[in-house]
Q: 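First, the structure itself, so that you have it in front of you.
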Protein chains: 2
Amino acid sequence: MPPYHHGQLRTALLEAAERSLRESGAEQLSLRELAREIGVSHAAPRRHFPDRQSLLYALAETGFARLDTQLRAAVAEAGEGYVPQLRATVTAYIRFATDDAALLELMFGSKHRPGAERVVAASGPAFTLMDELIVRGQAEGRLAAGDPERIGIVMFATMQGIATMINTGLVRPGLLDDLAETAVEQFISGPRESSARSG
Amino acid sequence: MPPYHHGQLRTALLEAAERSLRESGAEQLSLRELAREIGVSHAAPRRHFPDRQSLLYALAETGFARLDTQLRAAVAEAGEGYVPQLRATVTAYIRFATDDAALLELMFGSKHRPGAERVVAASGPAFTLMDELIVRGQAEGRLAAGDPERIGIVMFATMQGIATMINTGLVRPGLLDDLAETAVEQFISGPRESSARSG
DNA sequence: GCAACAATGTAGGCGGTGACAACAATGTCG
DNA sequence: CGACATTGTTGTCACCGCCTACATTGTTGC
């Protein structure tokens with residue numbers, strides 16, 4: 001029989017919650033159900049997460065850390081050229097976003113809510129990475145000139161929108177790579193020599 | 001005292017639900033609370049909506065109808081030129097999406113779920129409108145060539161993404177018009193003569 | 001070594017919810 | 001006017017999040 005103290009309850013909760021989130025979405029996630037799965041009493045989670053929202057925030061936080069890791073890995077693998085790096089980033093972002101739709105929604109939805117300071121902080125690195133990529137693209141003249149903020153926002157919005165459309169079933173997941181490529185082409189300026197995949 | 005039969009309960013529920021959705025989001029919407037507001041018993045809504053989800057679907061349905069109306073009105077006001085019409089559509093879409101964020105989320109989230117056939121049908125006109133606009137743009141050579149489906153999806157995704165970013169607080173609502181313009185510029189090909197608003 | 005204390009888990013209860021069933025009032029139509 | 005469908009009501013169930021009081025275990029200072 002299990003010991004009185006679980007010992008790793010916080011970790012166990014996060015793992016179970018992550019799975020539940022992926023399988024059934026944030027709405028369906030129930031603290032009591034997680035407790036049952038793990039085999040502790042229904043009030044035990046309270047010791048580690050004062051309320052349901054704080055558990056969701058914790059998930060969003062780790063989500064941003066994972067996103068940052070994956071984006072950096074993608075850039076590292078992409079070689080030196082700007083366009084390949086941009087393409088790799090866009091693809092990696094959309095892949096992350098569609099691999100765990102509910103997590104992405106949680107990450108985005110959490111940022112503007114009160115009490116989510118830690119989530120905002122956790123989102124920093126990933127956003128910085130993408131920001132730098134855009135600023136660099138403009139400096140190198142690969143992206144359209146103009147207000148860097150606006151161009152960057154629109155470009156980020158495009159990635160985000162593609163992810164949303166795949167997640168909601170409006171677009172087949174198989175189109176992911178093609179759409180990422182199309183998006184990159186739209187935003188790359190200058191001669192479209194080798195970057196185009198045929199048209 | 002009120003009569004035994006309310007008489008307009010279905011309509012009253014939809015109105016109250018719409019307001020609740022706008023003010024507090026779909027998650028917070030409670031059938032019992034709506035019933036209390038209207039002044040009927042907690043089980044009365046069941047006669048008109050078998051469960052909570054079906055009420056949400058109904059809201060999504062009317063949402064698509066309203067979206068279609070607003071898009072057509074925007075196009076009609078925009079005059080003859082292609083670029084002004086495109087800009088008007090993009091702006092109108094984002095305005096609709098940010099005016100009632102929770103409704104948009106509901107409309108999008110409902111489409112791919114089982115039992116939402118009516119929602120899918122209701123979304124037809126608005127999507128057709130945008131589709132035609134894109135096809136026309138390609139025919140007139142104002143949009144990039146290439147697979148029309150892909151270009152259209154990416155463009156739609158950009159609108160959707162901008163709306164999401166405003167809704168989640170990542171972008172100030174005041175930037176709406178500028179971002180819509182920036183997006184249009186990105187997708188318009190050829191000489192950017194009069195369409196640019198300065199840069 | 002042990003007493004005080006902090007950390008962590010348990011038991012029970014409160015008000016809320018959606019879903020369901022049985023019943024009551026009202027409208028409709030042969 | 002009586003049968004029937006429609007629409008509300010009451011009551012109940014299981015579930016949820018949150019809270020309080022209590023039990024067990026780990027830690028630390030004397």
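First the proteins, then the strands, lettered A, B, ... as listed; each starts at 1. Every value quoted in this text rests on a predicted model; they were computed, and no experiment measured them.
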Q: Going by salt bridge (charged side-chain N to carboxylate O under 4.0 Å, His left out), name the pairs with one or both residues in residues 31-51 of chain A, residues two or more places apart or in two chains.
A: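 Qualifying pairs, neighbours excluded: A:R19-A:E37.
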
Q: Taking ring-ring contact (aromatic ring centres under 6.0 Å, His included) as the cut-off, I'd like each qualifying pair that reaches into residues 21-52 of chain A, sequence neighbours left out, listed once.
A: none

Q: Please list residues of residues 8-23 of chain B whose heavy atoms come under 4.0 Å from any atom in DNA chain D, ordered by number; otherwise none.
A: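 Heavy-atom contacts with DNA chain D come from B:L9.
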
Q: Between P on C:dT10 and CG on A:L31, what's the gap in Å once rounded to a whole number?
A: 15 Å

Q: Name the nucleic acid region contacted by A:I38, choosing base, sugar-phosphate or nothing; use a 4.0 angstrom heavy-atom cut-off, strictly under.
A: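 It contacts nothing in the nucleic acid.
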
Q: Would you mind classifying the nucleic acid contact of A:L34 as base, sugar-phosphate or nothing, using non-hydrogen atoms under 4.0 angstrom?
A: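 Answer is nothing: A:L34 stays at 4.0 Å or more from every strand.
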
Q: Please list, chain by chain and in numerical order, all residues satisfying side chain to side chain contact (heavy atoms under 4.5 Å, CB included) with B:E18, sequence neighbours excluded.
A: B:L59, B:R66

Q: Check the interface with nucleotides 11-15 of chain D: list each N/O to N/O pair with the protein under 3.5 Å, or write none.
A:
| residue | atom | partner | partner atom | Å |
| --- | --- | --- | --- | --- |
| D:dG11 | O6 | B:H42 | NE2 | 2.7 |

Q: Pairs in or reaching into residues 12-40 of chain B: which pass ring-ring contact (aromatic ring centres under 6.0 Å, His included), with residues at least two apart or in two chains?
A: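 ring-ring contact (aromatic ring centres under 6.0 Å, His included) check on residues 12-40 of chain B returns no pairs.
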
Q: With the threshold set at under 4.0 Å for non-hydrogen atoms, list the residues of residues 46-54 of chain A touching DNA chain D in residue-number order.
A: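 Correct list: A:R46, A:R47, A:D51, A:R52.
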
Q: Under the side chain to side chain contact (heavy atoms under 4.5 Å, CB included) rule, collect the residues that match up with B:Q85, sequence neighbours excluded.
A: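 For B:Q85 the side chain to side chain contact (heavy atoms under 4.5 Å, CB included) partners, ignoring immediate neighbours, are B:V75, B:A78, B:L133, B:R136.
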
Q: I'd like to know if A:R87 and A:E77 make a salt bridge, using a cut-off of under 4.0 Å between side-chain N and carboxylate O.
A: no

Q: Would you mind listing every ring-ring contact (aromatic ring centres under 6.0 Å, His included) that reaches into residues 119-161 of chain B, with sequence neighbours excluded?
A: B:Y93-B:F156, B:F127-B:F156

Q: Scan for salt bridge (charged side-chain N to carboxylate O under 4.0 Å, His left out) pairs involving residues 114-130 of chain B, sequence neighbours excluded, and state none if there are none.
A: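 Applying salt bridge (charged side-chain N to carboxylate O under 4.0 Å, His left out) to every pair that reaches into residues 114-130 of chain B, excluding sequence neighbours, yields B:E61-B:R118.
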
Q: With sequence neighbours left out, write down each residue that passes side chain to side chain contact (heavy atoms under 4.5 Å, CB included) with B:D99, or none if nothing qualifies.
A: B:R22

Q: Going by the rule side chain to side chain contact (heavy atoms under 4.5 Å, CB included), which residues pair with A:Q8 if we only count those two or more places apart in sequence or in a different chain?
A: A:H6, A:T11

